Protein chains: 2
Amino acid sequence: MKSAKHELGQRIEHFKQECSKAGVRLTHQRLEVFREIAEACDHPDASTVHKRLRKTMPTISLDTVYRTLWLLDDLGLISTLGPTRERTRFDANLDCHHHFVCSRCGMTRDFSSEEFDDLDPPPSVKTFGRIEMTRVEVNGLCRNCIAENAKPER
Amino acid sequence: MKSAKHELGQRIEHFKQECSKAGVRLTHQRLEVFREIAEACDHPDASTVHKRLRKTMPTISLDTVYRTLWLLDDLGLISTLGPTRERTRFDANLDCHHHFVCSRCGMTRDFSSEEFDDLDPPPSVKTFGRIEMTRVEVNGLCRNCIAENAKPER
DNA sequence: TTAGGTGCAAATTCTTTGCACCCTG
DNA sequence: CAGGGTGCAAAGAATTTGCACCTAA
């Protein structure tokens, strides 16, 4: 719904404004990468975006897609699913629980909440498939990152 | 809380039972990998687990850690954060929204819910840091995976 | 004993980087 | 026109795999 056609034009306008605001050049490649992500509803990874774009831009390179995706992320125009630029992380806590994830360093901690354990997704979600578990992810800056907010991290 | 010391023994017992139930040998390496994950509260990645284990088992290899982690995951003894074995995925939907993620194939779809938009984490979460966003992740099997449930996927 | 498990090293796969040429502003 | 941006190819990381030896059952 949110990515509906009638909004796409506005979002592309916004993208153009943000580029010029940030002093970043508006290239054909950047525009198409943004459009592809904005139109997709399946949250593709870099290589999928590349594959799709090649149909209309046969010469676009995978590394440009990577560079552009991270640029858009830095500009706050797109975001990533799960902890950014992180490896797969493991969890041995099988009880129902929820996560706090630092959006800067990826620090992750469990917490529990009876209220959150009983969340009931809207009926429309059932059209996607069978629901097995519902979990809350809280994002924010961890104490550590707040403390060293001035220092570089990445 | 959930990983408190007094529970560790029970969890290791459970792990041993599951191994024998699955016909999988109980090796020193597997036990230590499981113990490390069960004791850690920071959801380490494979290489972090390896690094920690080398202090007490200098010869354990990184590939054994990988193999063991996925084995434990298959046995349902641990789980992963975010979409399993997936690359970084991107999201251009900046409005507040929530996700349905297929636990088998990783298919991800957005949905919205006013109720979920206003969730308020328990006060204890504030001790981790500053809260910026709260989002619900619904896990389950997507229609596609339900349909081809018999076929191999991975 | 003996098949499954491990360590090592090599192979894959994914992502990033250096550099020369191109195109936006 | 100038400097940022792109494509290409090569480098770097992360993860997986083949194989011979080892060990739990």
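Since the model is a prediction, treat every value here as computed from it, not as a measurement. Per chain, numbering begins at 1; letters A, B, ... match sequence-line order.
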> Separation of A:E32 atom CD from C:dC23 atom P, in whole Å?
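The distance from CD of A:E32 to P of C:dC23 comes to 16 Å, rounded to the nearest Å.
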> Output yes when a side-chain donor or acceptor of B:T108 lies under 3.5 Å from a complementary backbone atom of A:D42, and no otherwise.
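Absent.
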> Hey, what do you get for SG (A:C96) to CZ (A:R135), rounding to the nearest 0.5 Å?
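Those atoms lie 7.0 Å apart.
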> Report the distance from atom CG of B:L71 to atom P of D:dT16, rounded to the nearest whole Å.
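Those two atoms, CG and P, are 13 Å apart.
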> Could you give the CZ-to-C1' distance, from A:R54 to D:dC8, as a whole number of Å?
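Atom-to-atom, A:R54 to D:dC8, this comes out as 12 Å.
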> Are OP1 or OP2 of D:dT15 and a side-chain N or O of B:W70 less than 4.0 angstrom apart?
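Negative; the distance criterion is not met.
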> Linking I/L/V/M/F/W/Y whenever any side-chain heavy atoms sit under 4.5 Å apart, do B:I12 and B:V65 land together?
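Yes, it is one cluster - the side chains of B:I12 and B:V65 are joined through contacts under 4.5 Å.
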> Between B:T64 and B:S61, do the side chains contain a donor N or O and an acceptor N or O under 3.5 Å apart?
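Side chains of B:S61 and B:T64: pair found under 3.5 Å.
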> Closer than 4.0 Å, any side-chain N/O of B:R30 to the OP1 or OP2 of C:dT6?
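Answer yes for this pair, as a side-chain N or O of B:R30 is under 4.0 Å from OP1 or OP2.
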> Can you tell me how far P of C:dG4 sits from CZ of B:R67, to the nearest Å?
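In whole Å, C:dG4 P and B:R67 CZ are 14 Å from each other.
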> Can a donor-acceptor pair be found, under 3.5 Å and without considering hydrogens, that links the side chain of A:R143 to the backbone of B:T127?
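Judged by distance alone, yes, a pair lies under 3.5 Å.
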> Taking only residues two or more places apart in sequence or in another chain, which ones pass ring pair (Phe, Tyr, Trp, His ring centres under 6.0 Å) with A:H99?
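Residues passing ring pair (Phe, Tyr, Trp, His ring centres under 6.0 Å) with A:H99: A:H97, B:H43.
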> In whole Å, what is the span from the OH atom of B:Y66 to the P atom of C:dA9?
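Atom OH in B:Y66 sits about 18 Å away from atom P in C:dA9.
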> Considering just the side-chain nitrogens and oxygens of B:Q29, establish if one lies under 4.0 Å of OP1 or OP2 belonging to C:dG7.
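So the side-chain polar atoms of B:Q29 do come within 4.0 Å of the phosphate oxygens OP1 or OP2 of C:dG7, strictly under.
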> Between A:R52 and A:E36, is the closest basic N to carboxylate O distance under 4.0 Å?
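Yes, this pair counts.
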> So if I take every side-chain heavy atom of B:R87 and compare against C:dT6, C:dC14, D:dT16, which nucleotide ends up nearest?
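Side chain of B:R87 sits closest to C:dC14.
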> Quick check for you: to the nearest 0.5 Å, what is the distance between A:L26 atom CG and A:Q17 atom CD?
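Result: 11.5 Å between the selected atoms.
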> Report the distance from atom CG of A:L31 to atom C1' of D:dT6, rounded to the nearest whole Å.
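Atom-to-atom, A:L31 to D:dT6, this comes out as 16 Å.
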> In this structure, how many angstroms lie between the C1' atom of C:dT16 and the NE2 atom of A:H50, rounded?
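These atoms are roughly 15 Å apart.
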> How close or far is atom P of D:dG5 from atom CG of A:L75, stated in whole angstroms?
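To the nearest whole Å, that distance equals 10 Å.
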> Strictly under 4.0 angstrom, non-hydrogen atoms only: write out the protein contact profile of nucleotides 20-25 of chain D, one letter per nucleotide from the 5' end, B, S or -.
---BBS
> Using a heavy-atom distance cut-off of less than 4.0 Å, which residues of residues 58-65 of chain B contact DNA chain C?
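Only B:T59, B:I60, B:S61, B:D63, B:T64 qualify.
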> Same cluster or not: B:V125 versus A:V136, using hydrophobic residues (I, L, V, M, F, W, Y) connected whenever any side-chain heavy atoms lie under 4.5 Å apart?
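B:V125 and A:V136: one cluster.
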